[in-house]
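Structure, as structure tokens:
FYI, the numbering just counts along the sequence from 1. In listed order, ligands and their atoms are each counted from 1. Computed from a predicted model, the values in this text were never measured in an experiment.
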Amino acid sequence: MIKQITVIGVGLMGTQIAIAAVNHGYKVICYDVNFESLKRAKSYCNSWYQKQCLYGPLPIEEFLQRKQNLSFSDNLESSIKDSDLIIEAVSDTLSAKKDVLRKIDNHIPTHCIIASNSSYIVSSLFCNVVKDPSKVINMHFFNPVLKMDVVEVVKGPHVSDETFNTILHFVRSINKTPIIVEQEIYGSIVNRIFRAITREACYLTDIGIASPQEIDKAVKGALGHPMGPFETLDLTGIDLEYQVYMENFKSTGNVEDLPASCISFLYEKGWYGHKSGKGFYDYNQKE
Ligand SMILES: NC(=O)c1ccc[n+]([C@@H]2O[C@H](COP(=O)([O-])OP(=O)(O)OC[C@H]3O[C@@H](n4cnc5c(N)ncnc54)[C@H](O)[C@@H]3O)[C@@H](O)[C@H]2O)c1
């Protein structure tokens with residue numbers, strides 16, 4: 001039974017996942033290798049809870065209880081030693097995933113499940129670095145975690161029924177709907193579909209057919225999507241998108257897997273979207 005959770009990597013996703021779990025009664029420890037990320041995550045959580053308490057529905061007693069159940073640490077071993085579930089949300093490279101799993105394997109309880117939030121990397125590629133791969137699984141949240149209802153749960157060939165069912169139960173316990181992915185595939189369901197759309201959208205922009213703004217308008221207005229592909233890329237992070245393409249290119253060597261020119265351009269400028277104030281859109285000028 002899951003009671004205590006450690007989130008490893010509290011950037012954009014890890015921080016929100018931690019709040020989602022605390023909100024449903026779990027004790028959560030946030031760990032990050034980067035002190036600045038830890039500081040940012042703490043401040044994000046504090047202000048999120050304060051807003052819920054001041055302007056939202058959260059009674060003060062509940063606010064204090066939730067704050068007590070959420071802690072931050074820069075000590076890996078003590079963060080994971082009593083965990084029933086580790087949620088890994090570090091950068092999306094195979095080497096980072098393997099590195100984390102290697103480091104934690106000797107310090108977690110034997111029953112502990114390790115769930116990866118990777119958008120693209122299937123867990124059979126890194127589960128073998130731990131003693132019990134049957135406890136390693138992909139559990140993929142969507143951004144913004146506190147608003148999105150669904151979570152993909154992947155039945156990798158190494159995943160035991162017990163692990164799979166425990167994770168399904170966990171996802172439901174935090175009031176989300178699991179999407180069961182019967183077999184591993186790069187990008188699972190949602191990101192494969194999103195990628196097909198963004199690849200075409202970037203191609204149309206790169207060859208000068210229409211600006212990102214016009215394409216977003218078209219996709220929202222004619223296809224009924226709540227956000228355009230470029231707005232979504234700004235939200236998820238241009239750096240992540242670039243990294244994912246490069247990681248895939250490294251394994252295939254196929255030039256068609258390189259990031260689109262418009263993505264590379266923004267990446268090289270350091271314009272990562274919302275997180276840096278500018279991406280396809282300029283958020284410093286928006287209200
Ligand atoms: N950005 C999205 O919209 C989104 C959506 C769904 C899933 N994901 C997945 O979630 C994961 C994290 O993405 P993100 O956008 O939150 O990234 P991010 O860059 O915002 O955060 C990653 C965090 O991991 C930390 N980190 C890196 N190596 C570490 C290590 N060895 N130990 C501990 N911490 C480490 C970094 O310091 C950083 O704080 C990725 O696997 C990504 O594919 C992202």
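An N or O contact shorter than 3.5 Å links Thr236 to ligand 1 by distance. Of the polar atoms of Ser37, at least one N or O is found under 3.5 Å from an N or O of ligand 1, judged by distance alone. Polar contact check, Asp32 against ligand 1: a nitrogen or oxygen pair lies under 3.5 Å apart. Residue Phe141 has no N or O atom closer than 3.5 Å to an N or O atom of ligand 1. Polar contact check, Lys103 against ligand 1: no nitrogen or oxygen pair lies under 3.5 Å apart.
Nearest protein heavy-atom neighbour of atom 34 (N) of ligand 1: Val33 N, 3.4 Å. Looking only at protein heavy atoms, the nearest one to atom 42 (C) of ligand 1 is Ser119 OG, 3.7 Å. Of all protein heavy atoms, the one lying nearest to atom 21 (O) of ligand 1 is Gly11 CA, 3.3 Å. Summary of contacts: the protein heavy atom closest to atom 16 (O) of ligand 1 is Met13 N, 2.8 Å. Counting only heavy atoms of the protein, atom 22 (C) of ligand 1 lies nearest to Ala89 O, 3.7 Å. At the top of the distance list for atom 19 (O) of ligand 1, counting protein heavy atoms only, stands Lys275 NZ, 4.5 Å. Protein heavy atom closest to atom 27 (C) of ligand 1, with residue, atom name and distance, is Ser91 OG, 3.5 Å.
Checked by atom type, the side-chain pair Ser264/Tyr245 shows no donor-acceptor distance below 3.5 Å. Inspection of the Ser123 and Ser116 side chains reveals no N or O donor paired with an N or O acceptor under 3.5 Å. There is a side-chain donor-acceptor pair under 3.5 Å between Asn143 and Gln16.
Within a 6.0 Å radius of NE2 in His107, more than 12 heavy atoms belonging to other residues, nucleotides or ligands are found. Around atom NZ of Lys27, no more than 12 heavy atoms belonging to other residues, nucleotides or ligands sit under 6.0 Å away. Counted within 6.0 Å of CG on Asp161, heavy atoms from surrounding residues, nucleotides or ligands total 12 or fewer; the atom is thus considered open. Heavy-atom contacts from other residues, nucleotides or ligands closer than 6.0 Å to CD of Gln213 number more than 12. Around NZ of Lys42, the count of heavy atoms belonging to other residues, nucleotides or ligands within 6.0 Å does not exceed 12.
Note that atom 24 (O) of ligand 1 has protein non-hydrogen atoms nearby, at separations under 4.0 angstrom.
If you number the atoms of ligand 1 from 1 as listed, the ones under 4.0 Å from a heavy atom of Asn143 come out as 3 (O). Below 4.0 Å from some heavy atom of Asn34 lie the following atoms of ligand 1, by number and element: 37 (O). The ligand atoms of ligand 1 that sit less than 4.0 angstrom from a heavy atom of His140 are 6 (C), 7 (C). Residue Tyr31 approaches ligand 1 through these ligand atoms, each under 4.0 Å from one of its heavy atoms: 33 (C).
Nearest to atom 31 (N) of ligand 1 by heavy-atom distance, out of Val100, Ile87, Leu76, is Val100. With distances taken over non-hydrogen atoms, the option nearest atom 40 (C) of ligand 1 out of Thr93, Asn117, Val90 is Val90.
For the pair Ser261 and Asp206, the tightest heavy-atom approach, listed with the atom from each and the gap, is N-OD2, 2.9 Å. Considering every non-hydrogen atom in both Ile263 and Cys202, the closest pair reads CG1-SG, 4.0 Å.
By the criterion of a heavy-atom distance under 4.0 Å, neither the backbone nor the side chain of Ala96 is placed next to ligand 1. When non-hydrogen atoms are compared, ligand 1 lies under 4.0 Å from the side chain of Ile8 (C-beta onward) but not from its backbone. When heavy-atom distances to ligand 1 are checked against a 4.0 Å cut-off, Tyr120 has no atom that comes that close, whether in backbone or side chain. With a 4.0 Å heavy-atom cut-off, ligand 1 is reached by the side chain of Leu240 but not by its N, CA, C or O. Contact annotation: for Leu12 versus ligand 1, heavy atoms closer than 4.0 Å belong to both the backbone and the side chain.
Taking the six-membered ring for Trp and the full ring otherwise, the centers of His140 and Phe142 sit less than 6.0 Å from each other.
In this structure, Arg195 forms no cation-pi arrangement with Tyr186, as its terminal cationic atom is not both closer than 6.0 Å to the ring centre and no more than 45° off the ring axis.
Using a 4.0 Å cut-off between charged side-chain N and carboxylate O, Glu77 and Lys81 make no salt bridge. Remark: Lys97 engages Asp92 in a salt bridge, criterion side-chain N to carboxylate O under 4.0 Å.
Ligand 1 is approached by Lys97 to a heavy-atom distance shorter than 4.0 Å.
Using the six-membered ring where Trp is involved, Tyr267 and Tyr272 have ring planes that are parallel, under 30° apart on the 30 and 60° scheme.
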